[in-house]
Amino acid sequence: MNAPERRAVVLLSGGLDSATTLAIAREEGYETYTLAVDYGQRHRVELAAAEAISRQFHSREHRVVSIDLRAIGGSALTAEIEVPKDRPTHEIAIGIPVTYVPARNTVFLSVALGYAEVVGADAIFAGVNAVDYSGYPDCRPEFIAAFEQLAQVATKAGVEGTRIRIETPLIAMTKVEIVQHGVRLGVDYAQTVSCYDPNSDGRGCGRCDSCRIRREAFRLAGIADPTRYVG
């Protein structure tokens, strides 16, 4: 008798972390349904990257949901606020930067929760990271635990006794460990887009916090960085 199919919704931004998370979900035997969110971000080239990565890992389905967070703004990614460039490492590690998007992960997980109910998934995978996370409050274990508790009382599945887990396999990894793990799982990082301010061709600026963290991770991992940078 075949084991019942395990299904997971994977939040897929098109970046390094979410691509690695998808690879992990597939390695664990999940049939994956990937979800990207078009929230009005300035780095919209990541949406095409997400679709390509979903295909690479043979996901059952890939969907893009549009929720325009420019309507509330408040972030360098959704408003006319300059993306910080060339910040030293010690500054990146302190405080909450202007690239934080208010309530973004709460919104993303809420949409993923609805999608999980629709497709009968028992898990949602999210590539949040509490080590190299640029100070974002919605990437911490406390937030994930609180949302998972909410999911059990906010859904038909939860009321009927079906627990939808929030899986965050990267949450305690350093960026170096994430890169190393992803390479072992065959992630094509050349397809991913991490930059907060890429050009129209998807080339990274090489200077924003995300680019700097990514570059350093490949360097420390001893792995050639396949990222296409401007210049």
Side-chain angles (χ1 to χ4, degrees), residues 8-25 28 34-37 39 41 43 46 50 67 69 72-78 81 83-84 87-116 121-155 158 163-182 192 194-196 208-214 216-217 220:
V9 169
V10 181
L11 281 166
L12 189 61
S13 70
L16 184 151
D17 291 344
S18 68
T20 308
T21 299
L22 174 58
I24 291 171
E28 293 182 2
T34 54
L35 178 66
V37 181
Y39 63 95
Q41 64 269 49
H43 50 311
E46 69 177 13
I67 303 173
L69 293 182
I72 60 172
S75 167
L77 304 187
T78 57
I81 299 172
V83 172
R87 295 206 303 159
T89 302
H90 71 274
E91 284 188 17
I92 293 175
I94 298 173
I96 300 174
V98 295
T99 50
Y100 163 67
V101 180
R104 179 175 60 180
N105 282 348
T106 304
V107 172
F108 286 9
L109 282 171
S110 296
V111 176
L113 183 60
Y115 188 26
D122 61 350
I124 296 169
F125 278 74
V128 299
N129 177 258
V131 180
D132 295 322
Y133 73 119
S134 296
Y136 297 158
D138 53 2
C139 287
R140 298 174 300 158
E142 300 95 315
F143 167 73
I144 297 301
F147 192 92
E148 187 174 63
Q149 185 176 9
L150 170 68
Q152 308 320 311
V153 298
T155 59
R163 179 170 176 260
I164 299 176
R165 303 183 316 280
I166 312 298
E167 300 284 359
T168 55
L170 311 185
I171 200 158
M173 290 187 187
T174 65
K175 193 70 77 175
V176 174
E177 291 169 335
I178 293 169
V179 167
Q180 291 171 331
H181 196 66
T192 63
S194 297
C195 183
Y196 291 146
C208 68
D209 293 358
S210 186
C211 280
R212 290 172 65 83
I213 291 171
R214 178 177 173 128
E216 183 69 359
L220 293 176

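The two residues Val10 and Ala25 have their closest heavy-atom pair at CG2-CB, 4.1 Å. Between Ile81 and Gly74, the shortest heavy-atom distance links the atoms CD1-C, 4.2 Å. Summarising the geometry of Ser13 relative to Ala50, their closest heavy-atom pair is C-CB, 4.0 Å, with the distance given to 0.1 Å. In plain terms, the two heavy atoms of Cys139 and Asn105 that are nearest each other are SG-ND2, 3.8 Å. Counting all heavy atoms, side chain and backbone alike, Ile72 lies closest to Pro102 at CD1-O, 4.4 Å. Here the closest heavy-atom approach between residue Ala112 and residue Val9 is recorded as CB-CG1, 4.0 Å.
A 4.5 Å side-chain heavy-atom check between Phe147 and Leu113 finds at least one atom pair inside the cut-off. Side chains of Val179 and Leu220 form no contact here, defined as non-hydrogen atoms less than 4.5 Å apart.
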Practice task
Applying side chain to side chain contact (heavy atoms under 4.5 Å, CB included), run through Thr20 and Thr192 and close with a yes or a no.
Solution key: CA-CA 10 Å; Thr20 308; Thr192 63; over 6 Å; no

Exercise for the section: Would you sort out whether Leu16 and Lys175 count as a side chain to side chain contact (heavy atoms under 4.5 Å, CB included), showing the intermediate values? Expected result: CA-CA 9 Å; Leu16 184 151; Lys175 193 70 77 175; 4.0 Å; yes

Exercise for the section: Begin from the C-alpha positions of Tyr115 and Ile124 and carry the test side chain to side chain contact (heavy atoms under 4.5 Å, CB included) through to its verdict. Expected result: CA-CA 9 Å; Tyr115 188 26; Ile124 296 169; over 6 Å; no

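With sequence neighbours left out, Arg163 forms a side chain to side chain donor-acceptor pair (under 3.5 Å) with Glu148.
Here Thr168 contributes atom OG1 and Phe143 contributes atom CZ; the two are 11.0 Å apart, rounded to the nearest 0.5 Å. To the nearest 0.5 Å, atoms CG (Leu170) and NE2 (His181) are separated by 8.0 Å. Note that OG1 of Thr99 is 4.5 Å distant from OH of Tyr196, once rounded to the nearest 0.5 Å. Note that CG of Asn129 is 9.0 Å distant from OG1 of Thr21, once rounded to the nearest 0.5 Å. Distance check, rounded to the nearest 0.5 Å: OG of Ser18 to CG of Leu12 gives 4.5 Å. Between Leu22 atom CG and Asp17 atom CG the span is 13.0 Å, to the nearest 0.5 Å.
In this structure, the side chain of Glu177 engages the main chain of Thr174 through a donor-acceptor pair within 3.5 Å. Between the side chain of Glu167 and the backbone N or O of Ala126, no donor-acceptor pair lies under 3.5 Å.
Side chain to side chain, Ser194 and Ser210 fail the donor-acceptor criterion of an N or O pair below 3.5 Å.
Of the charged side-chain nitrogens involved, at least one lies within less than 4.0 Å of a carboxylate oxygen, so that Asp209 and Arg87 count as a salt-bridged pair.
For the pairing with Val101, the side-chain contact (heavy atoms from CB on, under 4.5 Å) check across Asp138, Thr78, Val107 returns one residue only, Thr78.
Atom CD of Glu28 has more than 12 heavy atoms from other residues, nucleotides or ligands within 6.0 Å.
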